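None of these values were measured; they are calculated from a predicted model.
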Amino acid sequence: MVTPLPVWLVFYSNAKFPKAHLKLLVGNKRSLNMLIRTFIVISTVIVALTVPFFGHLMALVGSLLNVMALMLLPCICYLKIFGTTRCSRVEVALIVMIIVLGSLVAASGTYSSLQKIIHEF
């Protein structure tokens with residue numbers, strides 16, 4: 001979201017056709033990977049230095065995506081795979097409690113991050 005060009009370069013380096021062209025510029029795959037990683041780090045540092053509320057922006061992204069990836073999606077996938085009929089009632093109750101708690105954490109984190117961004121802006 002913040003650095004689309006470096007992300008594009010990572011995907012670009014994994015494609016089969018462009019590697020032949022990039023090998024002409026760089027000797028081997030290891031040096032190409034180091035070049036791309038260095039570019040990603042440098043571009044991220046530039047964005048972090050130019051955006052005045054970068055920390056708040058990262059808190060917003062973290063509160064939205066980390067809670068989804070670490071708390072909500074595993075529980076939802078577990079219920080989707082095994083179904084509620086194969087799980088015990090205690091297990092389903094705990095999973096529902098984790099989903100509700102994760103949703104509350106995501107909502108409160110998103111709200112506080114948006115408040116801080118609006119206050120900074």
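Remark: side-chain polar atoms of S112 are paired, donor with acceptor, to backbone N or O of G109 under 3.5 angstrom. Counting only distance, with no hydrogens or angles, the side chain of T110 and the backbone of A107 share no donor-acceptor pair below 3.5 Å.
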Quick one: do L94 and M97 satisfy side-chain contact (heavy atoms from CB on, under 4.5 Å)? Show the steps, please. CA-CA 5 Å; L94 286 173; M97 200 166 67; 3.8 Å; yes
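In this structure the side chain of M68 never reaches within 4.5 angstrom of the side chain of L65, judged on heavy atoms. Contact annotation: the side chain of S63 never approaches that of Y111 to less than 4.5 Å [non-hydrogen atoms, C-beta and beyond]. The side-chain heavy atoms of F82 and E91, taken from C-beta on, include no pair separated by under 4.5 Å.
Considering every non-hydrogen atom in both H56 and I117, the closest pair reads CB-CG1, 3.6 Å. Contact record, P74 with A69: CD-O, 3.5 Å, taken as the closest heavy-atom pair.
Of the residues V67, V61, L60, the one that meets the side chain to side chain contact (heavy atoms under 4.5 Å, CB included) test with L64 is L60.
In this structure, CG on L72 lies 11.5 Å from CG on N66, to the nearest 0.5 angstrom. Note that SG of C87 and CG of L79 are 6.0 Å apart. Values are rounded to the nearest 0.5 Å. To the nearest 0.5 Å, the span separating CG on L70 from SG on C75 amounts to 11.0 Å. Separation of atoms CG (L104) and CD1 (I99) is listed at 12.0 Å; rounding is to 0.5 Å.
Linking ILVMFWY residues whenever their side-chain heavy atoms come closer than 4.5 Å, directly or via other members, places I81 and I76 in the same cluster. At a threshold of 4.5 Å between side-chain heavy atoms, the hydrophobic network of Ile, Leu, Val, Met, Phe, Trp and Tyr places V41 and L57 in two separate groups.
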